[in-house]
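So you know, we letter chains A, B, ... as the sequences are listed, proteins then strands, and number each from 1.
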Amino acid sequence: MQPLTALRAHPRRPTLRRDPAPSKWAYRLQRWMLTPYVRLFLRTGLPTLVLVGGVGIWFSHEPNRLALIAQLTHLRQEFEARPEFRVSLARVEGASPELAEAVRARLALPLPMSSFDIDLVAARERIEALDAVQRADLRVRSGGVLQVTITEREPVAIWRNEAGLTLVDKEGHRVAGLRSRADRSDLPLVAGEGADRAMPEALALFDAAGPLLQRIRGLVRVGERRWDLVLDRDQRVLLPETNPVQALERLLALDHAQDIMNRDVLTVDLRSDHRPTLRLTPNALAELRRAQGIETVENEL
Amino acid sequence: MTDLYTSQRAMRNMRRAAMQRGVIAILDVGTSKIACLILRFDGPDRLREQDGVGPMAGQSQFRVIGAATTRSRGVRFGEIAVMNETERAIRTAVQAAQKMANVRVDHVIACFSGAAPRSYGLAGELELQDSVVTEQDVSRVLASCDVPDLGQGREVLHAQPVNFALDHRSGLGDPRGQIGHRLACDMHLLSVDGDVVQNLLYCIKRCDLELAGIASSAYVSGISSLVEDEQELGAACIDMGGGATGLSIFIKKHMIYADSVRMGGDHVTSDISKGLQIPMAVAERIKTRHGGLYATGMDDREMIDIGGDSGDWEKDRRQISRTELIGIMRPRVEEILEEVRATLDAAGFDSLPSQQIVLTGGGSQIPGLDGLATRILGQRVRLGRPLRVQGLPQAATGAAFASAVGLCLFAAHPQDEWWDFEIPAERYPARSLRRAVKWFKDNW
């Protein structure tokens, strides 16, 4: 069987395509799309606009906003409540047992709690408000431990004032109260108004006292400006306002040379640089006058 | 003529603005195809440092980034015959080129081949006021050329100063600053039908484009296909287009004559179509596939199916030999070349020192044309292809694109035309401010 149509290669018929011209509006649209500003707008401006607009419309709806905030809060809380961040133990280091108790009481944290909820700065301020604490370092360590490292104040003297006896450190800050002097007989005693503020000077004087140290009863602040060194046998050394340590050293030298302090002297006045002034006891004075042949008349006045 | 002067100046300014923006379109409105190239200007001499390429006739400045051609519709003899058809064809070409270049172009430089160009040689001379030639003197001597009567509705397309002479020295390119007494100039003026230019302008405006320049395609294909020494020594470029054959004569790198013969490849096609009773499209295909001008014995045996769509077996199975085809084509091509010969003779081409003839355009691709042209036009005939331009697609490097490529070169390096010079101060309107400024400059 043969097909009815001849199997002859048709010469390719040149069909003229009807006018491929774009319509006027297609042409204008293409030109408009090729305009640089339009291209820039379509590439960056339009996506930005859509994004910002969508987000803005979503946020303008009140329940959406609240729901988002609630969601965020919930997430945050969930995260903070994870066991990795839980603090369950407070460890106080560097404090005596009584002080540690006091620190714990001051810390007053309802453990266990999340480390995000602990206000370390406030806790530190609370602890440092204790007189006996000089410095407190708070640190959340791994394993859920809140470590509180305490630097205690070291009492160096006893201050006697109107209220009673107080332990003070080397800066004059109160450390603790004291019931009786005998409890801390190892510490020197200072007295008088403002003695705590001049504590470094007092300590320097105690250091410089050397051989007199056994005899010292204490230092008395006079008029909040100078010291009196009170010795036993009611002896009293009046130190100058300026350079009291040097004056004391001079007295010691004098004492070493002439053994003044063992004599019957009531007061040694060192307030003048030029000469120390001695005040003898009445017996000694009478004895001296008698030796010098001076007759004194003692009357009622 | 002042309105032409201003419109040409406006076009020149627009061209400058387009070059500033960096993108300009080239539109060759031909009878058989409309070509659109999009040029990007990269600033001057980008290539120069890296690979030692010279200025390359100014074409290192630009790069072709988009090219498109489309079948031309509504154009006859290089003139627009049906406006909206042409407008659609221009739109097609411009859109495709824009799509390829991916930029939008607003300025276009166009060329066309028809509109009966007519050349005039103008001469003017001037006694110099002081002995140094200034720019104003150049303007004045150009203004002193007496313009011939161009005829009803004709407009000036090109007006290029070709030569300046100072006293007895001729052949000066730029007389400014030189010393002499009498300045003379020769100008070449090309006039075309104003209506054709108006139509083209209207079409381009309908496509939302602005015309930034206009040129005769005979001139621009001369620029692209004549090599430098031919332009210098004297040569004629014959641009065999679809509907018109353009003709331009160059010497000393200036065009001194242009004309067009209103016959071209489409006439050959229509001859084939009439002679063989086949549609124009088939005739065009047969012409380009099998056409030729010299028949040999083998051509008798080469049979060409010409077919048909009638349904009649006898008619649809027709065959012709190639010899018959050549027999139809050759007389018409001969006629075109004879016409060109006559035009060249009328222009006095014989008296040029060098009589090189360069054939270009789509019609020059007929096999055997160089042999035939040698017999009619003279011994020194060669086929020319346009200069190679950066970025031009391979498909657009053929002879058919001579005028498009030439227009690129024209856009990058336009020749000084009459309207590029300043208006002489005397020609300003009487109350112009610049005239007052001029008076102050002269008297103070």
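Enclosure of atom CZ in A:R141 is not indicated, since only 12 or fewer non-hydrogen atoms of other residues, nucleotides or ligands lie within 6.0 angstrom. The environment of A:E154 atom CD is sparse: at most 12 non-hydrogen atoms of other residues, nucleotides or ligands sit within 6.0 angstrom. Taking a 6.0 Å sphere around CH2 of A:W58, one finds it holds more than 12 heavy atoms contributed by other residues, nucleotides or ligands. Residue-environment remark: CZ (A:F116) exceeds the threshold of 12 foreign heavy atoms within 6.0 Å. Sparse packing is recorded around CZ of B:R76, with 12 or fewer heavy atoms of other residues, nucleotides or ligands lying under 6.0 Å away. In the displayed structure, A:R124 atom CZ is contacted under 6.0 Å by at most 12 heavy atoms of other residues, nucleotides or ligands.
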**OP:** Go through the steps for A:K24 and B:R88 under the test side chain to side chain contact (heavy atoms under 4.5 Å, CB included), then give the verdict.
**Re:** CA-CA 8 Å; A:K24 195 161 186 101; B:R88 289 158 67 84; over 6 Å; no
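B:D106 contributes atom CG, which lies 7.5 Å from atom OG1 of A:T35 (distance to the nearest 0.5 angstrom). The OG atom of A:S23 sits 6.5 Å away from atom CZ of B:R91, with the distance rounded to the nearest 0.5 Å. To the nearest 0.5 angstrom, A:R39 atom CZ is 4.0 Å from B:N102 atom CG. With rounding to the nearest 0.5 Å, the separation of CD in A:Q30 from CD in B:Q98 is 5.0 Å. Here the CZ atom belonging to A:R28 is positioned 4.5 Å from the CG atom belonging to B:D208, to the nearest 0.5 angstrom.
The minimum heavy-atom distance between A:P22 and B:Q95, with the atom names listed, is CG-OE1, 3.0 Å.
Looking at B:E284, neither its backbone nor its side chain comes within 4.5 Å of chain A, counting heavy atoms on both sides.
Exactly one residue among B:I90, B:T92, B:V94 makes a side-chain contact (heavy atoms from CB on, under 4.5 Å) with A:Y27. That residue is B:V94.
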